[in-house]
Number of protein chains: 2
Amino acid sequence: MKTVQTIKSHGGQVRVIEHDSETLGVPMQFAAYLPPQAEKGPVPCLWYLSGLTCTWANVMEKGEITRAAAGHGFAIVAPDTSPRGEGVPDDEGYDLGQGAGFYLTATQAPWSKHYRMDSYITDELQTLVTDSFPVAEARQGIFGHSMGGHGALTLHLKNPDLYKTCSAFAPISAPSQCPWGEKAFTAYLGSDRARWADYDAAILVGRQPSQAHILIDQGTDDQFLAEQLLHGIFEDAARTAGQAYTLRRQPGYDHSYYFISTFMDDHVRHHRQELFA
Amino acid sequence: MKTVQTIKSHGGQVRVIEHDSETLGVPMQFAAYLPPQAEKGPVPCLWYLSGLTCTWANVMEKGEITRAAAGHGFAIVAPDTSPRGEGVPDDEGYDLGQGAGFYLTATQAPWSKHYRMDSYITDELQTLVTDSFPVAEARQGIFGHSMGGHGALTLHLKNPDLYKTCSAFAPISAPSQCPWGEKAFTAYLGSDRARWADYDAAILVGRQPSQAHILIDQGTDDQFLAEQLLHGIFEDAARTAGQAYTLRRQPGYDHSYYFISTFMDDHVRHHRQELFA
């Protein structure tokens, strides 16, 4: 593990870390933000999962996340969105392969050799982060945007003791039923749709709702809303299952980092209130 | 004038505008942010000048500027940093030509045909903005970063009735005496250094200090501090001239947008306090 960059922001430090990932079989980069409060002892930690094409850099630079984290005393971990580099299978589309790992363990060739973003994050990176940084293990939450919102919802529902709280910006809410999800799941998991359920938030929430109160923000002018995001399907399933959630329709907002940054502080505050309730 | 993009951010709107610039002789893009307060009537306006290589997009996306502007009720105008496009002279270096206009009127070939960023901003864009947006003409200030800090200081000192307030992040403070400035001024203005004085904040402040209280933030870990920025020379000249200023040395901060965004709210608040004093 090597710190390749340290940048001061809002009184704390963005650290860009490079390490050889055993799970993924390639060198990976991620970023951790340590707020000023971390100088005095362990702080709660939020895992931020990014959307298609992104790396750790997008949200750190454009998401106003260091400001919100410093304000509420959170560490932030921002992993990459897939394995990357030479020798890692890729696709010409932006929505499959490098930059589009969908936070799952691929079972199909050629993807199955490297694409295991869910266990990379929940196991390998979790251990590395808690061993290296002053993070309060018992107070961790997860959130993300678009494909990363899908990741946050599914990883939370499957690991509610690890990520006690969850929120999402414009998540892909029912991937088995949208073009992005169908393309990725067919490639990574094969055409047997029964195997997709384990990675579909709208299905998982029906099977195993969590004790958390999930916050979701969705812009009404989001260009991907009707075709790809399908928050209504998740909402119906959550209501039926008794999952506590708040879905806020934000008038006029699109799918961009301007949208994310506008509501970033609200999300971090939501996790704070839930984790310290 | 054509609006090519409208994006909601922090309750207001980022508008990306394209127009044919008479002053520069090419089509140009800039961005304006209108805070929610602009729906009710004219708002004060801050002009943000960016640094080398940047366009309007860098500060809008990475500067936390829409948040600060909405919080304090300011419109923001973010011009490009030079004329651009085919037929516009350029240089292989990032610090001359396109992306490096230095907010001056070039007198030397081949630059003199298009490079007139100072009058583009103070005259043409000023008229366009006040004609098109609900901006309180009597309450305008100017600020910027690095090359844009140089632009903000010099345009303020030469137009104190137009830009009544001024602040800067890590400005190029004495361009006649640093490599970036010497290269650019030699190319744009010729080798007669007497002609450079009109674009050197450290010289201008001695000749014509303003009534404003200028706020400058400078990171102590800025990689360009010792060689390029030279804030000490500006500080000495300001003190001698009786120019009111505050120069804050910010420990551990570098030259990046993380630094800018950390202190963005402070700067917008400073302009607010000065313009409404």
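Owing to the predicted nature of the structure, the values given are computational and were not obtained by experimental measurement. Because only heavy atoms are used, hydrogens play no part in the values below, and waters and symmetry mates are left out as well, while side chains stay in. Residue numbers begin at 1 in each chain, while the letters A, B, ... track the order of the sequences.
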Can you tell me if CD on E39(B) sees more than 12 non-hydrogen neighbours from other groups inside 6.0 Å? no
For H271(B), ring-ring contact (aromatic ring centres under 6.0 Å, His included) partners two or more places apart: F143(B)
Nearest-0.5 Å distance, NE2 of residue H10(A) to OH of residue Y253(B): 7.5 Å
Rounded distance [0.5 Å steps], CD in Q250(B) versus NZ in K8(A): 8.0 Å
Test side chain to side chain contact (heavy atoms under 4.5 Å, CB included) applied to K62(A) and E61(B), E64(B), M60(B), the passing residue: E61(B)
Which residues pass the salt bridge (Lys or Arg N to Asp or Glu O under 4.0 Å) test with D91(B), sequence neighbours left out? K183(B)
Determine the option with the most heavy-atom pairs under 4.5 angstrom with chain B, choosing from D254(A), I7(A), T6(A). I7(A)
Select one option (side chain, backbone, both, neither) describing which atoms of Y257(B) are under 4.5 Å from chain A's heavy atoms. neither
